[in-house]
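Here is the structure we will look at, set down as structure tokens.
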Amino acid sequence: MTILRDGPYLRAIGWLCGQDHAARVATTRTWDQLANPVDFTDDGGYRLRADTEAGVPASPCAAVMQGSGVARARSAAKSTVYAALLGRRLLDTVAPRDGYHGDHVGVAVASGSTITPIAWDFETTGLRKGWRKTDTLLLPSSIPSAIATQVSAALDTHAAALAFQDGALGVCAAFEYAHLAFAHRRADYFLVMGADEVSQIQGDALAALGDTRPVLNGASGLVLGRTPHGDQDWQLRLCAHVDRNAGDVGVAGDVGAMLPGDWPLAVSRDIGIKDNPTLFTAPLLAYALHDLLRHAGRKAVLTCRLPGRGAYVLGFSRRKSNDDD
């Protein structure tokens with residue numbers, strides 16, 4: 001596993017909270033002030049805290065949707081609105097910097113629940129009320145890449161607009177694409193977000209499969225920068241997908257043995273998705289990363305596993321300790 005010498009820096013992290021979908025965002029200096037709504041266990045599991053509203057399904061009101069900046073927001077996926085609301089607040093942490101320009105900002109959004117609610121709404125309306133009663137503007141929002149392009153347009157960013165499936169694994173893959181954008185001088189900042197919306201049809205499908213995972217409704221994410229802001233900034237140093245055998249939940253040593261240098265000694269956090277469906281896991285990664293880095297000193301490793309699909313490894317180190325690699 002190769003150490004990235006020019007990896008991007010983590011500038012801010014955050015998520016939406018409560019029925020008003022207010023964004024809570026923290027930079028390196030305010031990291032500990034951000035209350036994490038998810039608890040993580042040593043065996044790779046996770047659960048919502050009793051006092052959290054992260055999993056409460058709530059449709060945004062008209063004012064919230066209009067405030068997102070998404071064009072024709074009533075015909076867009078709720079996940080798109082969530083991502084736009086969060087993305088705007090994340091960019092507020094870097095927009096005042098000298099040289100900021102939307103032409104040099106990329107957007108990557110992972111979501112596994114965006115398309116189905118849109119398609120279900122369109123089809124059921126057409127079948128029950130007649131096709132003349134359907135909202136034809138729903139159709140463009142059902143395109144898999146729509147969430148990224150619509151968010152990019154709402155935020156006036158132009159360096160890249162990438163959409164990913166596969167929930168938390170998709171967010172991990174977005175880190176890799178963001179790193180390439182920085183390496184090729186295509187971006188100065190990159191938004192990486194996971195967004196999911198709760199829909200009845202998808203919830204019923206998971207229930208029929210006996211899936212009892214916590215349901216995360218909303219968006220979480222972070223903003224990466226090509227240059228650091230201070231010595232305490234976390235820099236992406238490892239970004240790798242390992243073979244499918246490492247995806248077995250509960251198997252930790254195999255990934256540790258692949259880490260270079262003294263990285264096996266880093267503080268680590270494993271996320272184990274115990275079943276193949278990755279639905280409602282896209283917002284999970286930012287919560288896990290925040291929890292991990294709160295307890296890390298110099299280096300930290302986050303591993304996301306899915307049975308039969310392998311594992312994604314993300315490694316971070318503080319800027320002041322990078323000369324020790």
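Computed over heavy atoms, backbone and side chain alike; hydrogens, waters and symmetry mates excluded.
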| query | Do L169 and H241 touch side chain to side chain, with heavy atoms closer than 4.5 Å? | reply | no
| Would you say the side chain of S220 lies within less than 4.5 Å of the side chain of M193, judging by non-hydrogen atoms? | no
| message | With a 3.5 Å distance limit and no angle check, can you tell me whether S111 reaches the backbone of D196 through a side-chain donor-acceptor pair? | response | no
| request: Look at the side chain of S141 and the backbone N and O of S75, then say whether any donor-acceptor pair between them is shorter than 3.5 Å. | output: yes
| field | Main-chain N/O of H229 paired with D233 side-chain donor or acceptor, under 3.5 Å | value | yes
| said: Is there a side-chain contact between V313 and L302 in this structure, where contact means two heavy atoms from C-beta onward sitting under 4.5 Å apart? | reply: no
| Is the backbone N or O of A154 less than 3.5 Å from a side-chain atom of R88, with the two atoms forming a donor-acceptor pair by type? | yes
| field | Under 3.5 Å side-chain donor-acceptor pair for Q33 and T30 | value | no
| request: On the 0 to 90° scale, with breaks at 30° and 60°, tag the F40-Y46 ring pair as parallel, tilted or perpendicular. | output: tilted
| Hey, do the aromatic rings of H21 and Y82 have their centres closer than 6.0 Å? | yes
| task | Provide the closest heavy-atom pair for W31 versus H290 in the form atom of the first, atom of the second, distance. | result | O-NE2, 3.1 Å
| query | Heavy-atom count around D42 CG within 6.0 Å, excluding the residue itself: above 12? | reply | no
| Mind checking whether Y312 and F175 have ring centres under 6.0 Å apart? | no
| field | Aromatic ring pairing F190/F182, orientation class (parallel under 30°, perpendicular over 60°, tilted between) | value | perpendicular
| request: Side-chain contact test, heavy atoms from C-beta onward, threshold under 4.5 Å: evaluate it for P260 versus L238 and give yes or no. | output: yes
| Of V107, T157, L86, which is the lone residue that meets side chain to side chain contact (heavy atoms under 4.5 Å, CB included) with L91? | T157
| Do the ring centers of Y9 and W234 come within less than 6.0 Å of each other? | no
| query | Does a side chain donor of either Q235 or R318 reach within less than 3.5 Å of an acceptor in the other side chain? | reply | no
| Donor-acceptor under 3.5 Å (R11 side chain, G225 main chain) | no
| Hey, does the side chain of T124 reach the backbone of W120 with a donor-acceptor pair shorter than 3.5 angstrom? | yes
